[in-house]
Amino acid sequence: MKTEKKFIPLLVPDLYNEDIESAVAVLKSGMLVQGTNVENFEKEICEITGAKFAAAVSNGTATLHLILHALGIGEGDEVIVPAYSYIATANVVELVGAKPVFVDIQLETCNIDVNLIEEKITGKTKAIMPVHEFGMAANLEKIQNLCTKYNLFLIEDAACALGGEFEGKPIGFNSFAASFSFHPRKAVTSGEGGMVVSNDENLINQIKVLRNHGMSLNSDRMDFELPGFNYRLTDFQAALVLSQLTRLSEQLSAKRKLASVYFKNLNPDYFTLPTIPSYTQHAWQSFHVILNSQIDRDNFIVRLRQAGIGSNLGAQCMPAMQYFQNKYKLNCRQEFPNAWQAYQNGLVLPIYTPLQESDIQYITEVVNTTARKIIHGE
Ligand SMILES: *Cc1c(COP(=O)(O)O)cnc(C)c1O
């Protein structure tokens, strides 16, 4: 008889009673939308990232959409994005009417391969939008140099990277535009939520106008200067996430320890572990590995679930998704071999508080054994 093992999900938001109580307090106050908690949330994210200005919006996709829209990027323009990310990165470029130009990733980091960007820059290119995949910074210095050389906007999809660092500075520090998400799959959550940070006050003011129907920020009489969206965040969502932010750095160091258990224990014959360049501190939104090509990833996910462990594929090879495939007809295996491989063989494993090092130890044992069994046809 096997004893019933507990199931370890891929991710559960680490909400404390005090987080929930602070959201409930806002609900009881009756002031539900965009109030003092949203403002304090913006201030706190500036505090954490060192950014000068911030605007909270309804989710991480809305933030990216607003940045592109505010910059006037649209019809006839091109935006360079990695071929491998969550689909929202490419969708927002399409939604403003511009063309996403995909660049392959480096398999070791799953981030955009900076050596392949320049050849994709044309007279139509307006921006480069790197993703800090799974919470690890892309090579911002190299990308910034290209943006300066060709006069392009650098827009960071930092959805997963709150708390991560580049060259000793927090992601979002001194950025022209960086976008964070607070979806439950990210480190701290408001349910749905997003934040743009920038060192450019005009950009943030423009976004604050656009998120609220185009309403002017400073006029005495209510007036609307632009056709805007309703991309506001509610105040109880802001209260929920604000309360969690006090634990962010302690949570990060705990996750760093969990990651080190994966590094120590995962069998390198079966799994390629991420390479962390010296310029970055990983925020560990996900622990992502590439499976040995003898292992069928989807089957592996099923076998792990049966063994009591939640896992999933990491991200998509975006140009291979139906809409983009039909529109651009790119040969992804040939043009983006690394994005394709990460999409086929990539796997994310649980890494979150309150999991303990002993839990990760247990997960690695199960994961190694499952891989060995699959390879030996057991
Ligand atoms: C989560 C995520 C998004 C979208 O954020 P939402 O808040 O879910 O809209 C965009 N880009 C990347 C890389 C993400 O991981």
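Whatever order the structure lists ligands and atoms in, that order sets their numbers, starting from 1. The structure displayed is predicted, hence computed values, not measured ones.
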Worksheet item: Val131 pairs by side-chain contact (heavy atoms from CB on, under 4.5 Å) with which of Asp157, Ile105, Val81?
Response: Asp157
Item to complete: Check each of Asp157, Leu64, Asn59 against atom 11 (N) of ligand 1 and report the one with the nearest heavy atom.
Response: Asp157
Worksheet item: Judging by distance only, is a nitrogen or oxygen of Thr61 under 3.5 angstrom from one on ligand 1?
Response: yes
Discussion item. Using every non-hydrogen atom in the two residues, find where Ser286 and Val348 come nearest and quote the distance to one decimal.
Written reply: CB-CG1, 3.6 Å
Worksheet item: Has ligand 1 got any nitrogen or oxygen that is less than 3.5 angstrom from a nitrogen or oxygen of Ser181?
Response: yes
Response to the item:
Counting from 1 in the order shown, the ligand 1 atoms closer than 4.0 Å to a non-hydrogen atom of Thr89 are 11 (N)
Worksheet item: Can a non-hydrogen atom of Ser85 be found less than 4.0 Å from any atom of ligand 1?
Response: yes
Worksheet item: Which one holds for Val131 and ligand 1: side chain close, backbone close, both close, or neither close, with close meaning a heavy atom under 4.0 Å?
Response: side chain
Item to complete: Would you please classify the geometry between the Tyr343 ring and the Trp340 ring as parallel, tilted or perpendicular, with 30° and 60° separating the classes?
Response: perpendicular
Discussion item. I'd like to know if Tyr231 and Leu64 are part of one continuous hydrophobic network [Ile/Leu/Val/Met/Phe/Trp/Tyr, side-chain heavy atoms within less than 4.5 Å].
Written reply: yes
Worksheet item: Taking both backbone and side-chain atoms of Ala159, is any N or O found less than 3.5 Å from an N or O belonging to ligand 1?
Response: no
Practice prompt. Determine whether the side chain, the backbone, both or neither of Lys186 has a heavy atom under 4.0 Å from any heavy atom of ligand 1.
Written response: side chain
Item to complete: Measure the acute angle between the ring planes of His69 and His65, then classify it against the limits of 30° and 60° as parallel, tilted or perpendicular.
Response: perpendicular
Fill in: Close-contact set for ligand 1 against Ala88 heavy atoms, below 4.0 Å
10 (C)
Worksheet item: Are Arg256 and Glu165 close enough for a salt bridge, meaning some N to O gap below 4.0 Å?
Response: no
Worksheet item: Is the closest N or O pair between His183 and ligand 1 shorter than 3.5 Å?
Response: no
Worksheet item: Can you list the atoms of ligand 1 that are under 4.0 Å from a heavy atom of Cys160?
Response: 15 (O)
Worksheet, complete the sentence: Per-atom filter on ligand 1: closer than 4.0 angstrom to a heavy atom of Gly60 are 5 (O), 6 (P), 7 (O), 9 (O)
Worksheet item: With under 30° as parallel and over 60° as perpendicular, where do the rings of Phe102 and Phe324 fit, or are they tilted in between?
Response: perpendicular
Worksheet entry | Atom CD of Glu119: over 12 foreign heavy atoms under 6.0 Å | yes
